[in-house]
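Note that these values count all heavy atoms, side chains included, but never hydrogens, waters or copies made by symmetry. As the structure is a prediction and not an experimental result, all values here were calculated from the model. Counting starts at 1 for both ligands and their atoms, following the listed order.
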Amino acid sequence: MKFLCIGRNYVEHAKELGNEVPEEPVIFMKPKSAMLQPNSPFYYPEFTNELHYECELILRISKNGKYVNERNASKYYDAISVGIDFTARDVQSELKKKGLPWEKAKAWDGSAILGNWQPIGENFKKDDIRFKMLKNGQTVQDGHSADMIHDFDKIIAHISNYFSLNIGDVIFTGTPKGVGECVVGDELEGFLGEDSMFKLIVQ
Ligand code: ZN
């Protein structure tokens, strides 16, 4: 499996990092080894001094596909949750300055946190999903699927023009505003609606 991730998919977040709002989705990837295994501790990486959380809606691919049409795209994912796209922001800033790829900042071991999967449908309709993340009990990010620049189906269609979708792949759909630093000892908890999907402590 692989992670396909969208960058700058919320206007307010693009602004907070001083980025332009892109016309096409920005895509980057994380390998399978980026997944933090369930119940494993999350350790602050030694190569960064500015670890940022990015809480995002995530989709699970349920059907293999290539060149997927936007109209059929909803048949290719069956579950949703929230996750964290952990980012070494200081490393990313250096790479961006030099025009280099982002993997060292975003694709390292343990950088992808996945919440518990929920079926898309009755409880979670794709254009009406609220999510949030709490840091040490305070809400730091609060997003809604309707605020995405590129919605789920557009993302799936666009990605599949470049990369085959395979069952089990996970899509990170971009972070809303409110990204920020975390330090050792912080507790991060992600919610889909009012339900807790993950909780971790930075060690
Ligand atoms: Zn992200």
Examine distances only and state if a side-chain atom of Ser111 and a backbone atom of Lys106 form a donor-acceptor pair shorter than 3.5 Å.
yes
Check each of Asp127, Leu57, Asp128 against His144 using the side-chain contact (heavy atoms from CB on, under 4.5 Å) test, and report the only one that passes.
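Only one option passes, and that is Asp128.
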Given Met133, which of Thr175, Val140, Asp142 fulfils the side-chain contact (heavy atoms from CB on, under 4.5 Å) condition?
Val140
Please name the atom of [X], limited to N, O or S, that comes nearest to the Zn ion (ligand 1).
| X | value |
| --- | --- |
| Glu56 | OE2 |
| Glu54 | OE1 |
| Asp85 | OD2 |

Within the 3.5 Å criterion, strictly below it, is a donor on Tyr77 or Asp169 matched to an acceptor on the partner's side chain?
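No, because no side-chain N or O of Tyr77 sits under 3.5 Å from a partner of the opposite role on Asp169.
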